[in-house]
S.K.: 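Please see the structure below; I have some questions.
Note on naming: letters A, B, ... go to the chains in the order of the sequence lines (proteins, then strands), and numbering restarts at 1 for each one.
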2 protein chains.
Amino acid sequence: MARAATTADAFNAVAEPRRREILDLLAAGERSVGDLVEAMGVVQPLVSKHLRVLREVGLVEVREDGRQRFYRLNGEPLRAIHDWVSKYETTWSKRFDALDDVLAELKEAETGHGDGD
Amino acid sequence: MARAATTADAFNAVAEPRRREILDLLAAGERSVGDLVEAMGVVQPLVSKHLRVLREVGLVEVREDGRQRFYRLNGEPLRAIHDWVSKYETTWSKRFDALDDVLAELKEAETGHGDGD
DNA sequence: ACATTACATACCCATATGGGTATGCGTCAA
DNA sequence: TTGACGCATACCCATATGGGTATGTAATGT
């Protein structure tokens, strides 16, 4: 074992800048591979490979039309990321100081460091 | 070139399940490395390495106390992920059908496919 | 000073990638 | 049918890991 197949979930799919770029491009609507290639300025096989990863995690869907393939976004898999990250929203938003305090207390209780004053 | 240094941003740091696990554990409050090792059931060097990655992207901070090091969460870097993913919230939430429609129109305009009915 | 504890690093390995080139395959045009 | 086009795959490479073991280092204990 080495990397435990990173190309298995949305977290990994999105970890790649190029892949995020593709999703950003598809956000405006479906595009053909060639269109993406042109927009991204990289060789076609590269785009195809990234698209494959995105396809495997369900982030994009294909529509065949003649010899072209139009990819379109399906953000659903991003939901898991959103949900996970949202849990931490409190840590960067000062508005949640109160909650942060609660978490701190939970930690005290768990580690048993509670120096009951 | 091969992978363009994945360990450079929060997206990649969080792509690793173990690293997410660590952050989840730290969510309740700071913990020593040994504590994390025990909680995760993996060898210490592994945890240290993951902690290093998290440190390099600023997701955790250290506090030294004697020969122990207490790591604590700093979710701020997750904000970038949250912001990026949030853009796609419309794609999995039916509540935003209207906005979705707007995006579709924008795409029409951009690709020039607008077949005026 | 010596042993032990708590971590971080140095290495070693196997493997998963990202990037690129060559190639295969299906589709549309002559 | 032959040829160009559009895209996916097969390969080849270099490298970045994740996992594990051995080892170095600082701090506490005896």
S.K.: A:Glu30 has an atom CD; how far is it from atom P of D:dC7, in whole Å?
M.R.: 12 Å

S.K.: Rounded to whole angstroms, how far apart are NE2 on A:His50 and P on C:dA16?
M.R.: 18 Å

S.K.: How about B:Glu38: does its CD atom have over 12 heavy atoms from other parts shown lying under 6.0 Å from it?
M.R.: no

S.K.: Between P on D:dA8 and CZ on A:Arg63, what's the gap in Å once rounded to a whole number?
M.R.: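 It works out to 14 Å between those atoms.
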
S.K.: Is there a side-chain contact between B:Leu51 and B:Val33, using heavy atoms and a 4.5 Å cut-off?
M.R.: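 When only atoms from C-beta onward are counted, B:Val33 and B:Leu51 do touch, with a gap below 4.5 Å.
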
S.K.: Whole Å only: how far is the CD atom of A:Glu38 from the P atom of D:dG6?
M.R.: 11 Å

S.K.: Do B:Glu16 and A:Asn12 have side chains that approach each other closer than 4.5 Å (heavy atoms only, starting at C-beta)?
M.R.: no

S.K.: Counting heavy atoms from C-beta on, name the nucleotide in C:dG18, C:dG19, C:dT21 closest to the side chain of A:Val43.
M.R.: C:dT21

S.K.: Both A:Gly66 and A:Val42 contact DNA chain C. Taking the nearest nucleotide for each, which residue is further toward the 5' end?
M.R.: A:Val42

S.K.: Could you give the CD-to-P distance, from A:Glu56 to D:dA8, as a whole number of Å?
M.R.: 12 Å

S.K.: What integer distance in Å separates A:Asn12:CG from C:dG18:C1'?
M.R.: 14 Å

S.K.: Does any part of the side chain of B:Val47, heavy atoms only, come nearer than 4.5 Å to the side chain of B:Met40, both counted from C-beta?
M.R.: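 They are in side-chain contact.
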
S.K.: Take the protein atom CZ of A:Arg31 and the nucleotide atom P of D:dG6, then report the distance between them rounded to whole Å.
M.R.: 16 Å

S.K.: I want to check something: taking the side chain as every heavy atom from C-beta on, are A:Asp24 and B:Lys87 in contact at a cut-off of under 4.5 Å?
M.R.: yes

S.K.: Using whole Å, what does the distance between atom P of nucleotide D:dC11 and atom CZ of A:Arg52 come to?
M.R.: 13 Å

S.K.: For residues 65-80 of chain A, which side-chain donor-acceptor pairs fall under 3.5 Å, sequence neighbours excluded?
M.R.:
unit_1  : atom_1 : unit_2  : atom_2 : d
A:Asn74 : ND2    : A:Gly58 : O      : 3.0
A:Glu76 : OE2    : A:Arg79 : NH1    : 2.8

S.K.: Have a look at A:His82 and tell me which of B:Tyr88, B:Trp92, B:Trp84 forms a ring-ring contact (aromatic ring centres under 6.0 Å, His included) with it.
M.R.: B:Trp92

S.K.: Establish, with yes or no, whether the OP1 or OP2 oxygen of C:dG18 is under 4.0 angstrom from a side-chain nitrogen or oxygen of A:Arg19.
M.R.: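 So the side chain of A:Arg19 is within the cut-off, an N or O lying under 4.0 Å from OP1 or OP2 of C:dG18.
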
S.K.: Treating primed atoms plus P, OP1 and OP2 as sugar-phosphate and everything else as base, which nucleotides of nucleotides 2-8 of chain C get B, S or - for protein heavy atoms under 4.0 Å?
M.R.: --BBSBB

